Structures are given as C-alpha cells and as structure tokens.
Amino acid sequence: MIETGYTPQSVEGRWYQAWLEAEAFRAEDTSSRPPFCIVIPPPNVTGSLHMGHALNSTLQDILVRWKRMEGSNTLWMPGTDHAGIATQNVVERVLAEKGKNREELGREKFVEEAKEWSKRYEKRILGQLKKLGASCDWDRTRFTFDEGLSKAVRQAFVRLYEDHLIYRGERLVNWCPRCDTALSDIEVQHEEVDGRLWHVRYVFEDKPDEALIVATTRPETILGDTAVAVHPEDERYQGAIGRKVLVPVVNRKIPVIADPFVSMEFGTGALKITPGHDFNDHEIGVRHELPIIKIFTSKGQLSPEFLVDNEGKPLESERAEKYLGEDHYKVRKLILKDLEELRLSAGEEPHRHSVGHCYRCQTAVEPFLTPQWFVATKQLAEPAIRAVEEGRTKIVPETWTKTYFEWMRNIKDWCISRQIWWGHQIPAWYCLDCNKGKWSRKGKAVDAQRKAVTETADGQYIFFQDAKAIVSLEDPTECPKCEAKNLVRDPDVLDTWFSSSLWPFSTLGWPEDTSALKTFYPTSVLVTAFDILFFWVARMMMMGLKFMGEVPFREVYIHALVRDPEGQKMSKSRGNVIDPVEIIDKQGADAFRFTLSSIAAQGRDIRISGERIEGYRHFCNKIWNAARFCLSHLGENPPDREAALLAVRKAKKGDSDSPVRPADHWILSCLHRTTRTVREALESYRFNEASSVLYQFMWHQFCDWYLEETKHRLADKKEGEHVRALLAEVLETSLRLLHPFMPFMTEELWQRLPKPPGGPSLLALAPYPEVDERFIDEEAERPMGLLIEAITGVRNIFGEMDIHPRKKFRLSAQLRGELGELGREVLEKEKEFFVAATNAEAFSYLEPGQAHPPVSATDTTSWGDFIVDLKGLLDFGAERERISKKLAAARKDLEAVQRRLDSPQFEERAPAEVVQETRARRDTLVELMARLEGNLARVTEWEKES
RNA sequence: GGGGCGUUAGCUCAGCGGUAGAGCGCUGUCCUCACACGGCAGAUGUCGCUGGUUCGAUUCCAGCACGCCCCACCA
C-alpha cells in the first residue's frame, strides 16, 4: 500500500538508477529524430554544487527532459572545467596544510597532484548534479583538461597564431601579486574603497626652495616616477614645463612635461608619472618616450632594479635602500614617514576611489609590465556581433543583447597567458641558439640592455617580446631555422576561459570531423547566468564562428543570480549559504527543482528562502495524496481512457443516460489549457509561468474540485468505470506534464498506475502531453463555473456567519434568466455533489416570485438566489453585515464602470466589443445591487417581525 | 562618465493598455473516510512621485526620487 505522505528520501535514489540502466539519457550521434543539444556550463572541478549550479542545471534539465519526451534526439553534454587559478589555489592550500609548497614539489609533480584532485572532485560535483536529477548523457562527460580537449586547445591556439590572431608582447597587464600571475581585464573586479590622497612636494632641481606639489593615492609608486605632467594650458605651471624636478627620497631627476590627459581640476593639477605601474601613466610614458622603471617584483615586493636614474644609471639612496624587499604596503608606510622627515609632504585628504581586485583571491591587483600572450579580439568580435544582429543567435531576455553589443564593440585584446602551472601549457618554444645574441625592445635607457632571452638566477628563462617563438601542433625537437636542439618551452599556461571558449564544439569531438558535431552543432540553447556573459558566452561566440564557421548556439537563455532571502550574495564568510545538497536531502530534489523553476523569471537576482521550498514540498505531498486517492480506486487493470474521452466529446445535451457530467468537460478543458500554457511557456523560457499554471491546475482545479466531484460517482455502477478512466487520464497526463519539473516523484507515481501493455517502461521516456484543442472550450466549462459560484456562495454564508458547518439546513435555489436555465441543468446533473459540497440536508427549487422562507440567508449569484434556511436561526446583524459588504463592493465596481461609460468619447472611440462588455457589466451590477438591497430589506423586515 | 535593472498586499515576487494576482504570513473555523505537509471561509493594495500620450494607464513615453548592478577607470 502506498504511504500516506510523500517521503522523497525513499523514492529519489531508486529512479535515477533506473534511468541510467535504461540508458534513458543517451543521445545518438546520428539519428533521424530532430536534434536538441545543450552543453552544460562546466562547473569548476574543485567546486561543490551551489545555488547557482542548482538553478542553472534545473532549468537545463527541464528543457532537456521536455525535449526528450517530445521525441527529440536529446543531448545534454556534461563536463567540468579545470579552473586554472582557482584549482591551483586550492591545491596549493592543501599542500600548505601538509607543510609543502609547489616549488619544492616541482611542476610535473604538482600538475599530477592537481590532476588527482580534479578526478576526485569531479566525482563529487557530478554526483551532486545526479542527485538533483540532471539527465546528462554521462558517457560523454568531458573535462577541459582531458586529452581530447587539450588537443582542441592546441589546434585552436596554433591556428589563431598562424592567422596572426594570437601574438606576444610586453604590455602593462593586471597582475595579482598573490596568485603571481597576469589576469585578463575582466578578471579584475573594481571596488570603491576609502583611501587617502597625499600631497607631495617635488622640488626643482635648479631651485631647491621651489617645488611642484603632486597628489597621489599610491605614494609608494613615487620610487618609479620618471616625469611629472601638467596640462599644457595650465597657467599655473607654464614656467615649470621643461624644467626638472627631483623625485623625493631617491632624488631621480625627472622632467616636467605637458600632456592634455592631466586634469587641471583634480588635486593640484600636477600628476606624477609612473609608467611601470599605472595604465594611464604608461600611455603618457609611451607618448613622451619616458623610461619605464619597474619598482616591484611579481610578488609585490620592492625590487632592487628601481634604484636607477632616468638614464638607467645607478642611483644611491640610503633611505630607499632600506625598503628593498618589502611589501608595497610596508613601503608606503615607510615612504610616508620619510616624506614627513624630509618635509616633503604637503598634507593629505580622504579620497574614495576604485581599486581592482583579483576575482579569484580578492587581492588588490597591480599593473605590471611583462611579456604576455594575447588574442587579437577585434577581428573575432566582428562576426560575433553580426551573428546576434542578424538573429542567428538570439539572446533571451533580449535586454542582454545590448550589454553584449556594448562589450563586444569595445572589446580589448585578451591576455591569455597565466604564470601558473595548472593548465594547458602554451605550445610555444624558443631556440636558445637563435635568440642568443638578440636584444630586446626598442626601449630607452633602462630596458635597452636586456636580452631577448634572459636566464634568471634560479635557472629559469624569461622570454621577452623579441624572442622568436616556435608555435606548432607537434612538439618540436629542433629549431626549424638553425636545427639546434636547444629548445625551451614557454612556461606559461593558458587562461582557463580559453579552453571553455571551445566547449560547444570541443566536447563534440573537434578538431575531428565527427558525426556528433554534424548532428548537434550548432547547439540548441545555452543556459547561463549573466555573470559569465563576457567571460564565456561572448568568447564562445567568437571561437565558434572562427573555427566552425557557425554560431555555437541558436539561443542563449540568461537567468538571474541566486541570493539569500535578504538579497545578499551567498558566501561562506557571511554564513548565509543555503546548501542545495542539504535541501535535497531534507526537502527532496523535486520540491527544490519546482521552487527554482517557479522563481526563475525574476530580474537580476532571485532570492530563495526555506519557506518557499517548504511550500512546494507541500505541493509534492498534495500530488502524492491525490494520486493515492486515484490509485485506491483504480485497481489493477488499466481503464479504457479513450472510450471515456470519446464519451465526453460525444456527450449531448439532455442525454440522461450518459455518464458524462459538467465536471468532466470542465476538467478536460482545464487540463488541455494548462498543457497549452506549459508548452508555450517552455518554448519561451518562462519557467515560472509553467510552474505556476501546473500548480494552479493540480491543486485548485484537479484536487479542490474535480476529485471532490468524483467522490460520489465512483461507487456508482453506471458511472464508476467512466470516472475511473477520466481520473486515470487526468492524473497520468498531469504526471507527464510535471515530469520535467519533478522527475522523481512523478516517475514513482506513474509506475504505480495501471498501464496498458506495450507502452514505454519509464515516464522519462513517455511522450509529453499534446494539446487537444477540441477539449478547450469555454462554453463547456461554463456549467461547472456556475456550480462553483453557487457552492462558494453558500459556503460563504456559513463562513461569514460563524455557523458550525455541520449544522443541518435546508437549501433552495431560485433561478432566473438564461443562465438560470443552464444552471438548472447543471444542478440536476451534479445534484449529489452540490448537496455534498454545500453540506445541505435537503435541496429544492423555489419558483420565480415565490417568497423566500422567512428568516433565511440568501446568496445572490449571477444566475439565481441560493437560500439557506436555518429555520430562523439567523443572526440578523451578521447577515446584514455580510450583505452590506457585498453591496459596497458592487457599488464600488459600478461607480468605476459608470464613470467609464459617462466619459464623452468612450462609446465613440473604444472598440464596440469593449463598449458592449462594459454596458453588460453595468447592467449586471445594477441588477445585483437591486437584489442585494432586496435581501437587506428582507432581513430588516424579519428582524422587526421577530 | 557611460549603460542597465528595480520600485505592485505584512514578506518574497508574478502581471503589464480595458473588472489588481500568486505563494508564504495573518484571522476565523473544521481532525468531513487522498492529504492537518490538509479542508472551508476571510482581511489587506491612492501598483514610488510628477507630467504626457490615450475614450481608458499599474501597464506606453518623459522627467524626478529612492535602491541596486555592470562597464570605464582622473592620479
């Protein structure tokens, strides 16, 4: 026997295994069925399933399960991302716990260690997706760092290089001193912080008692200044331009230059120029051919190289020497103190400004001058822009297209090299022989002495931008130019997002020309949150078009970010993390999925609360119990649903022999209307609407009314079979409708239904319900509507007057008009239900004009009066209040309607239909009010008489 | 500086030119044989403000206020 309450724990485990065994999620590489394909946004291997994954995966799974039931050759391609910096950080932390670090482990061993980790954690995150019900084709699972995908990366890199779309150059890039690597521009998160603006005196070389006052937020960079700039039209500084000032502490002689970039309004109007450590300064430096002095090491410590003058000759400064090797925050402190002592500080003020932080470790990033690899994006972006303009890829909701265009049209070259170990090592080699005598860079002074390939103290090589790289598909064994075997591979690895950008085709077998590619590329839709629109979506567009000549996906559905109930980002430090795995264990995957679907429509972020999930757990229980009710009546043999449906369609008015009742027409109309809405909603990614109509239908139409209506019919010999068939029809169809949203419970219940032989063995493989328009019929729904109106009205009398619902009473109906005639038919056909639902002891009709039984309560509906005779036990005051309330509501409505009708141009300009409706409504309200007033008067009269 | 989003019932949010909706919460009542994870009934909104378009605006347009986000990054 089926349990009285739904316990997800005892159901969910079973079915996932059954689906796997039946290979229900398998997609065919070649098939005559229409393809449908989604590639999963690969979660980071090190990650644990969080709310974002849960939402993202649920939405994908709903689409995929729906399409699979529709009969498409459906592929949901799973996999994980090796997540370069993030994983390296985690693995390093683990090593640190064991008292080790990556340097002592060495590159090869470290990478092996990280691979181990990835393997272990991949299982965890994929296992969690399975718990959620994700119906991926697991046999195809890929990893951005697996052999095949590494091949794709290599191919892509080489081809882009050969097409001059990848180049190497020494640029000022964003650098994370903690991760010790370059970052791309979008990996830097800018945040406003409260800082200070220090004013510092730069004395003139020729007149030490005069000084330029410069404002800076980063006094430590003073050590790298190679000029001071003022605006060319700034009257205050006309005499200064061309003269020299001394950099405080180190006394480097630097020129005062004029550049229009400088704002005369900000600070003192004099800007110190540190071309080695600031993006704007760097540009000015290039414009004026200033020397570039790097004062920090890659780890943010003061480097010994900074003690040079503008000609590159060594400088001496005792004060500055003591900063050597110090972290730049420490240097700031020290230099501020020294400025004070040297009487070179000229005040400070609070200053709010934005500072870039590493998106992986939140450390403040530094602009850092290093040789790096870049993708030239302008050319790649162009077709990606066009594809969206032309609608070859559609972004939903559309508002994001603007953001996409905005970014794509202003795209900057993409720094793809990272100075870490975990990732695809760049396939570039340098011939030590060829590059031996070569000098690097045109640069001035400081840099002029540098070799193109420089060996560092610890035996590593630095390859500057003039070093000639050998880039090839196969690892070269000798230099193609000089045939020397003295080759060294570039130590850098590629940005993780480089491999992710190939995901939609690399996972399908590219660069091989596979049948999977032919079948599934372009994929159908990409489902993702907006936070990786630039990181991932935009880049997949560029790479897909470049290598496949076609967009990677026809549609992009962008959903919101998940927040906690207070709208805060969920984070461990805030302690507000709702763990999806915990929810699944406690509330069940189905309730959780339904919750996510129901809130999916919200704008930029969605909040999730425990109460909401609990509400949908109750919904699961409701369905469970409705099914329990049906099952208890259904027995072993499948009823003849086709016959019952035919009977409903063929039912004729006045055929008293027919088992068909108004409720049957009504529920089938509702069912098919719901089906239609769900399908339309899914087509346009309106998940919340689909959930909402399913909820309304199951609970408030099927359970509240139809199940109740069938109760008295099931025992009937003549009707029982018909009703059972319809219950089976509606329940089974509902389960299929609901399956993509709550796969586990629906499968469990579906399996328990008596099934005709020869059908699918799993609900997951059953067809999705079709809309049969013949059943959607407002006319056929109306009779049940009248009945519901009457029942609710009568119940209202009891509810409002605080009469115990078990109180015996006689009920009579006084019908009127055309609707009354229709209503009378319904009442006749649904008499037992009407009586049971209102709890009346006896029911009879009053002829028109016949007096109401004295001292009774009346509910006036659109089609007649329903009179509750409590044999005089009426609370006059309560009844008057009840009627007055309705009267007031009707009056308010009437006023609004009348106002509209009174406005002079309404009849002239409004559509005839609207005018007619409005008039009809006025008439109805007028009549209703008259009757209510009549009821009121009657009560008053009775009160007087009593 | 540029761009975007939001402002609707106590809370969280749907709706978006023609009678204001849901869930949760709340009030009353009922352990009626599927479900108390339930039934029944009920209360609650100048749909942020000001103008405009329209016969009609919560819905479209403009401005304003408040809140939020993204991008650019004047030291």
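In what follows, every heavy atom counts, from backbone to side chain, and hydrogens, waters and symmetry copies are set aside. Because the structure is predicted, anything quoted here is derived from the model rather than measured. Lettering of chains follows the sequences in order, A, B, ..., and the numbering in each one begins at 1.
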### Task
Answer yes or no: does a side-chain N or O of A/N280 lie under 4.0 Å from OP1 or OP2 of B/C74?
yes

Classify the nucleic acid contact of A/E908 as base, sugar-phosphate or nothing, counting any heavy atom under 4.0 Å across all strands shown.
nothing

| query | What is the ring orientation for A/H277 with A/F368, classed by angle as parallel under 30°, tilted 30 to 60°, or perpendicular over 60°? | reply | tilted

Here the distance between atom C1' of B/A75 and atom CD1 of A/I257, to the nearest Å, is 13 Å

Q) Would you say A/N796 reaches B/G42's phosphate, i.e. side-chain N/O to OP1/OP2 under 4.0 Å? A) yes

| Does a side-chain N or O from A/H351 land closer than 4.0 Å to OP1 or OP2 of B/A75, or not? | yes

Problem - Pairwise side-chain contact, A/E192 with A/H353, heavy-atom cut-off 4.5 Å (strictly under) - result: no

**Message:** For a quick check of understanding: with a heavy-atom distance under 4.0 Å over all strands, which category does A/H277 fall into, base, sugar-phosphate or nothing?
**Reply:** nothing

OH (A/Y202) and CG (A/L212) are apart, to the nearest 0.5 Å, by 10.0 Å

Any strand, both distances under 3.5 Å, Watson-Crick or G-U wobble: B/C16 pairs with none

For this session: Using the P atom as the reference point in each nucleotide, state the distance between B/U12 and B/G48 in Å, no decimals.
Result: 15 Å

In 5'-to-3' order, the base (B), backbone-only (S) or no-contact (-) status of each nucleotide in nucleotides 33-38 of chain B, using a 4.0 angstrom heavy-atom cut-off, is -BB-BS

Next on the checklist: Once you apply a heavy-atom cut-off of 4.0 Å, does A/T792 come out as touching a base, just sugar-phosphate, or nothing?
Outcome noted: sugar-phosphate

To the nearest angstrom, the CZ-P distance between A/F798 and B/U29 comes to 17 Å

For B/A75, does either OP1 or OP2 sit under 4.0 Å from a side-chain N or O belonging to A/K272? no

Taken to the nearest whole Å, CZ/A/R919 to C1'/B/C55 is 13 Å

Q: Using the P atom on both, measure B/C13 against B/U44 and round to a whole Å.
A: 24 Å

Testing B/G18, B/C40, B/G23 for proximity to the side chain of A/R795, the answer is B/C40

*With respect to the phosphate group of B/C24, does any side-chain polar atom (N or O) of A/R612 fall under 4.0 Å of OP1 or OP2?*
no

- Stacked cation flag A/K586 on A/F592, 6.0 angstrom / 45 deg: no

- Query: A/Y695 near the nucleic acid: base, sugar-phosphate alone, or nothing, with a heavy-atom cut-off under 4.0 Å?
  - Reply: sugar-phosphate

Q | Cation-pi geometry met for A/R795 and A/F798 (6.0 Å, 45°) | A | no

From the candidates B/G23, B/A75, B/A43, the one with an atom nearest any side-chain atom of A/T217 is B/A75

**Prompt:** Quantified in whole Å, what is the C1' atom distance between nucleotide B/G51 and nucleotide B/A57?
**Reply:** 13 Å

**Asked** Base, sugar-phosphate alone, or nothing: which one does A/S263 contact when heavy atoms must sit under 4.0 Å apart?
**Response** base

Separation of B/G2 atom P from A/K402 atom NZ, nearest Å, is 13 Å

inquiry  = Can you confirm whether A/T4 sits close enough to A/W624 that some side-chain heavy atom of one is under 4.5 Å from a side-chain heavy atom of the other?
reply    = no

Base, sugar-phosphate or nothing for A/V262? Non-hydrogen atoms, less than 4.0 Å. base

Do A/K892 and A/E895 sit within salt-bridge range, that is, some charged N less than 4.0 Å from a carboxylate O? no

Checklist entry - Checking all strands, does A/Q696 fall into the base, sugar-phosphate, or nothing category for heavy-atom contacts under 4.0 angstrom? => result sugar-phosphate

Between CZ of A/R909 and P of B/G56 the distance, given in whole Å, is 8 Å

(message) Please verify the inter-ring angle class for A/F594 with A/F619; under 30° counts as parallel, over 60° as perpendicular, anything in between as tilted.
(response) tilted

N-O pairing of A/R921 and A/D893 below 4.0 Å:
yes

Distance check, C1' atoms only: B/C35 and B/U27, in whole angstrom units. 23 Å

When rounded to whole Å, the CZ to P distance for the pair A/R218 and B/A75 reads 12 Å

Taking a pair to mean Watson-Crick or G-U wobble geometry with both distances below 3.5 Å, B/C31 pairs with none

When both distances are under 3.5 Å in a Watson-Crick or G-U wobble arrangement, the nucleotide paired with B/C11 is B/G23

Requested in this report: Using the P atoms only, state how far B/C5 lies from B/G63, rounded to an integer number of Å.
Outcome: 13 Å

* **Same-atom distance (C1') from B/G23 to B/A9, integer angstrom** => 12 Å

- Task: Name the nucleic acid region contacted by A/P904, choosing base, sugar-phosphate or nothing; use a 4.0 angstrom heavy-atom cut-off, strictly under.
- Result: nothing

Per nearest nucleotide of RNA chain B, the residue lying toward the 5' end, A/D281 or A/F534, is A/F534

In terms of relative ring orientation, are A/W705 and A/F833 parallel, tilted or perpendicular, with 30° and 60° separating the classes? perpendicular

As its Watson-Crick or G-U partner within any shown strand, both distances under 3.5 Å, B/C5 has B/G67

> NA contact type, A/K412, heavy-atom cut-off 4.0 Å: base, sugar-phosphate, or nothing?
Replying inline: sugar-phosphate

When rounded to whole Å, the CZ to C1' distance for the pair A/F530 and B/C71 reads 13 Å

Mate of B/U54 across any strand shown (Watson-Crick or G-U wobble, both atom pairs under 3.5 Å) is none

Contacts of A/A910 and A/W400 projected onto RNA chain B by closest heavy atom; the upstream (5') one is A/W400

| task | Take atom P in B/C61 and the same atom in B/G17, then report the distance between them in whole Å. | result | 11 Å

From CD of A/E611 across to P of B/C26 the rounded distance in Å is 11 Å

